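Data block below; observations after.
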Amino acid sequence: QSVLTQPPSASGTPGQRVTISCSGSSSNIGSNSVNWYQQLPGTAPKLLVYSNNQRPSGVPDRFSGSESGTSASLAISGLQSEDEADYYCAAWDDSPNAYVFGTGTRVTVL
Amino acid sequence: EVQLVESGGGLVQPGGSLRLSCAASGFTFSSYEINWVRQAPGKGLEWVSYISSRGRTIYYADSVKGRFTISRDNAKNSLYLQMNSLRAEDTAVYYCARGHLSNGWTFDYWGQGTLVTVSS
């Protein structure tokens with residue numbers, strides 16, 4: 001059972017802004033940085049945002065991350081059809097010394 | 001080009017064993033921390049195990065502790081996962097994922113995965 005909670009789904013029309021939340025605790029998000037991964041249908045996950053708000057090279061600036069206290073968020077602005085995917089937050093958890101993923105959010109482009 | 005290629009998956013009976021491999025290329029394998037992450041059919045991602053660049057530090061998820069063993073051979077650019085006492089709930093696609101050089105808990109490259117099915 002994941003200790004990082006995400007909404008199961010989110011949706012928007014092309015061009016809209018969509019925000020995904022990730023709720024944790026003081027032992028994970030509250031004390032360690034958050035990463036976000038994108039998993040397109042039938043493919044392996046891909047690093048989307050690291051260290052709360054940094055984008056790897058090649059990731060469009062439409063994707064942005066933020067963190068506050070024990071929660072984090074991923075925003076997708078200018079939503080595009082190719083953004084339809086599952087999105088997972090993740091962080092190291094000091095107790096019980098494990099890496100934890102969020103429950104995942106499926107983004108649908110209407 | 002960084003590549004991680006998993007192999008060794010398949011069908012195994014409950015209680016059985018399986019050894020997964022992950023062949024790395026396109027980077028200096030011995031400098032990087034590596035992880036195993038799994039995904040049960042239709043479910044989310046679950047971190048399984050971590051090994052430091054020289055293999056001196058290892059972590060396991062509670063769900064596999066005592067049953068799975070992670071190891072690496074830097075001379076062969078390979079990572080392994082020995083899985084014993086397999087259970088139905090271990091059925092999943094298993095991915096190897098490279099840790100970023102500056103933060104081993106940022107998985108910057110992933111393999112395509114290998115499917116493990118535990119069933120009688």
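Below, all heavy atoms of this structure are taken into account, side chains as well, without hydrogens, waters or symmetry copies. Bear in mind the structure is a predicted one, so any value in this text is a computation, not a measurement.
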Please lay out, stage by stage, how A:Gln6 and A:Cys89 fare under the test side-chain contact (heavy atoms from CB on, under 4.5 Å). CA-CA 8 Å; A:Gln6 300 177 232; A:Cys89 58; 3.4 Å; yes
Indicate whether the side chain of [X] and that of [Y] have a donor and an acceptor atom separated by less than 3.5 Å.
X	Y	result
A:Asp93	A:Ser27	yes
A:Gln54	A:Asn52	no
B:Thr117	B:Ser119	no

Can you tell which part of A:Tyr99 gets under 4.5 Å to a heavy atom of chain B, answering side chain, backbone, both or neither?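 The answer is both parts of A:Tyr99.
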Under a 4.5 Å heavy-atom cut-off, does chain B meet the side chain of A:Pro45, its backbone, both or neither? both
Of A:Val109, A:Leu79, A:Leu74, the one forming a side-chain contact (heavy atoms from CB on, under 4.5 Å) with A:Val18 is A:Leu79
Atom pair CG (A:Leu110) and CD (A:Gln16), whose distance is rounded to the nearest 0.5 Å: 7.5 Å
Sub-4.5 Å side-chain heavy-atom contact between A:Asn28 and A:Leu4: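 Sidechains of A:Leu4 and A:Asn28: in contact.
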Could you tell me if the ring centre of B:Tyr95 sits under 6.0 Å from that of B:Phe107? no
Might you confirm whether atom NZ of B:Lys65 has over 12 heavy atoms from other residues, nucleotides or ligands at distances under 6.0 Å?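 Yes - once you tally the heavy atoms of other residues, nucleotides and ligands closer than 6.0 Å, there are more than 12.
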Does atom OH of B:Tyr109 have more than 12 heavy-atom neighbours, drawn from other residues, nucleotides or ligands, at distances under 6.0 Å? no
Can you name the residues of residues 12-41 of chain B that have some heavy atom under 4.5 Å away from a heavy atom in chain A? B:Val37, B:Gln39
In terms of the angle between their ring planes, are B:Trp47 and B:Trp105 parallel, tilted or perpendicular, with boundaries placed at 30° and 60°?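 The arrangement is perpendicular - the two ring planes meet at more than 60°.
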Can you tell me which portion of B:Tyr59 sits under 4.5 Å from chain A's heavy atoms? Options are side chain, backbone, both or neither. side chain
Given a strict heavy-atom distance threshold of 4.5 Å, which part of B:Asn103 is in contact with chain A: side chain, backbone, both, or neither? side chain
Sort by residue number and list every residue of residues 30-40 of chain A having at least one heavy atom under 4.5 Å from chain B. A:Ser33, A:Asn35, A:Tyr37, A:Gln39
